[in-house]
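Only this structure's heavy atoms are used, side chains among them; waters, hydrogens and symmetry mates stay out. Quick caveat: nothing in here was measured; it's all calculated off a predicted structure.
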Amino acid sequence: MADTTGHPTDTEAPSDTNRIPRKSSWRHIGPGIVVAATGVGAGDLVATLIAGSNFGYTLLWAAVLGCLVKISLAEAAGRWHLSTGRTLFDGWASLGRWTTYFFVVYAVIWGFVYGAAAMSSSALPLQALFPDLLDLKGWGIVCGLVGLVFVWFNKYEVFEKVMTVLVGVMFVVTVYLAIRVTPNLPHALAGLLPVLPDEKDSILNTLGLIGGVGGTITLAAYGYWVNAKGWTNTGWMKVMRLDNRVAYATTGVFVVAMLFVGAELLHSANVAIAGGDKGLIQLSDILAKEYGSGTAKFFLIGFFATSFTSLIGVWHGVSLMFADFVARYRGRAAASGEEVASGERERSWPFRAYLLWLTFPPIVLLFQGQPFRLIILYGVLGAAFLPFLALTLIWLLNSVRTPREWRNGPLSNAMLALAGLLFLILCVKQVWDQPWGEFL
């Protein structure tokens, strides 16, 4: 195992003054769009739809708060990369070997199960649009292979452009649906007041909505995309912060729009939909009855854009993180943002090996079903990652590993502590809810 003590006093980011913008500008926006597109998957849209269906506009404030929590996490990850010139995994490694062990187990098990889930999610709308062409498994394999080929042969610049186009499709579809259902704006504004529904388990449901708004490992990948964009030092800090705010403003539009649809189309008619991606297929059937097949097909296109951006976003972002882990493991003293910016990571064999891991082994799960014990471990590891991220960012950004002027202030510490506590509660609930008796 490579040395994991890090270089806690080596905190100066490399300079690249020729590429530093004079001020933050909309034309530099990019990684934020990528993290917004990847973080908001079909599951997030379903969760928000169900919240609107069950509680109307009551939990609108929780969806907005969820976006603010994620802003703090992504900003902290980006600030670490820019202020130190080192990658997040390099920071984790400096905290001890336990971080490396956690990441390896997480990346292997989570990636295996997520690959199958992402392919199935992308396949569902395609099967609904083209039912006579391929079955669900066939479409899932096509989506996985297309994602593999696209990420394998394209560098970050092309990846970002494609993600931006797909985000545009998502944005148009969700806003169109929100307008089409004619939201009750006075009730929506009232939903911004922090009120809990008068229902059983309302606190846990509310925390779940806050924690589920675009929150995945892609929050950690944000710093890698910042570097891949060519932002490698503190001169890009204002740009990164603007980019991050745009990311979660975009996320906010997606989830608020879907909560409007849930509140107006489902809650008012007392219609329930299933959890998981199949709930969106049910929604398309409801839209077809209410507004015609054209609206339903338009929604399915948006559903595909939502699912496929999550697929290729994970294929790219988590593969970058895995490549960084391997470079550190093989004895590199410190992993720098400059190496990520150069595109070296995207051409490396660990990057491509993890791409293959995300694609081919999960195809087996499409045919054989997902192993029970593996699904339990997947759920526990997934629930544990965001508390791990929040707490390690607090540790890193309040220590000598970070230059003094870029360490956490009171607001950053408060938001990260709130995020850590929130995700820790959700993690405990997830672990508690697992059928451990059957597992053993």
For the residue pair F159 and F150, does the interplanar ring angle fall in the parallel (under 30°), tilted (30 to 60°) or perpendicular (over 60°) class?
tilted
Between R401 and S94, is there a donor-acceptor pair closer than 3.5 Å when you use the side chain of the first and the backbone of the second?
yes
Please check: side-chain N/O of W61 versus main-chain N/O of V195, any donor-acceptor pairing under 3.5 Å?
yes
Just by distance, no angles: are the side chains of T38 and T218 close enough, under 3.5 Å, to form a donor-acceptor pair?
no
Taking M119's backbone N and O only, do any of them form a donor-acceptor pair with S122's side chain (distance below 3.5 Å, no angle check)?
no
Donor-acceptor contact present, side-chain N244 to main-chain I71, <3.5 Å
yes
Check whether the ring centres of H28 and W236 lie less than 6.0 Å apart, and answer yes or no.
yes
For the backbone of A323 and the side chain of S348, can you confirm whether one donor and one acceptor N or O come within less than 3.5 Å of each other?
no
Can you confirm whether S319 sits close enough to W357 that some side-chain heavy atom of one is under 4.5 Å from a side-chain heavy atom of the other?
no
Rounded to the nearest 0.5 angstrom, the CG-CG distance for L416 and L421 is 12.5 Å
Indicate, with yes or no, if the rings of F102 and W92 have centres closer together than 6.0 Å.
no
Is it the case that more than 12 heavy atoms not belonging to R245 sit under 6.0 Å from its CZ atom?
no
Which pairs of donor and acceptor atoms, one on a side chain in residues 49-56, lie under 3.5 Å apart (sequence neighbours left out)?
{"residue": "S53", "atom": "OG", "partner": "V271", "partner atom": "O", "Å": "3.0"}
{"residue": "N54", "atom": "ND2", "partner": "I50", "partner atom": "O", "Å": "3.4"}

P362 and V113, any side-chain heavy atoms less than 4.5 Å apart:
no
T99 side-chain N/O to L95 backbone N/O, donor-acceptor pair under 3.5 Å
no
Test item: Y224 and M321 side chains (from C-beta on) under 4.5 Å apart, heavy atoms:
yes
Ignoring hydrogens and geometry, is there a side-chain-to-backbone donor-acceptor pair from R345 to F351 under 3.5 Å?
no
Can you find a pair of side-chain heavy atoms, one from L177 and one from T174, that are under 4.5 Å apart?
no
Side chains of C143 and F304: does their closest heavy-atom pair fall under 4.5 Å?
yes
H81 and Y222: CA distance, side-chain angles, deciding distance, side chain to side chain contact (heavy atoms under 4.5 Å, CB included) verdict
CA-CA 10 Å; H81 278 248; Y222 178 64; over 6 Å; no
Excluding sequence neighbours, so at least two apart, what forms salt bridge (charged side-chain N to carboxylate O under 4.0 Å, His left out) with E346?
none
Is T402 reaching over with its side chain to a backbone N or O of L396, donor-acceptor style, under 3.5 angstrom?
yes
How many angstroms lie between CG in N413 and CG in N408, if you round to the nearest 0.5 Å?
4.0 Å
Take S120 and K137 through the side chain to side chain contact (heavy atoms under 4.5 Å, CB included) test and state the conclusion after the steps.
CA-CA 7 Å; S120 294; K137 296 181 181 67; over 6 Å; no
Side chain to side chain, L386 and L219, heavy atoms closer than 4.5 Å:
yes
Student check: side-chain heavy atoms of P403 and T84 closer than 4.5 Å
yes
Does Y57 form a ring-ring contact (aromatic ring centres under 6.0 Å, His included) with H267? I'd like the steps, not just the answer.
CA-CA 9 Å; Y57 293 105; H267 182 71; 8.5 Å; no
Determine whether W349 and V326 satisfy the following criterion, side chain to side chain contact (heavy atoms under 4.5 Å, CB included), listing intermediate values before the conclusion.
CA-CA 10 Å; W349 70 261; V326 172; 4.1 Å; yes
In terms of side-chain geometry, is the basic nitrogen of D324 or R328 positioned less than 4.0 Å from the acidic oxygen of its partner?
no
Are the aromatic rings of F308 and W315 close, with centres under 6.0 Å apart?
no
Would the distance check show the side chain of R407 and the main-chain N or O of S399 forming a donor-acceptor pair, the cut-off being under 3.5 Å?
yes
Got more than 12 heavy atoms from elsewhere within 6.0 Å of NZ, K155?
yes
Between F112 and L358, is the side chain to side chain contact (heavy atoms under 4.5 Å, CB included) condition met? List the steps.
CA-CA 6 Å; F112 181 43; L358 283 169; over 6 Å; no
So does V239 get a backbone contact from the side chain of D243, meaning a donor-acceptor N/O pair under 3.5 Å?
no
Flag the pair Y106 / F103 as yes when their ring centroid distance falls below 6.0 Å, and as no otherwise.
no
Validation row: L389, L88 side chains within 4.5 angstrom (heavy atoms)
yes
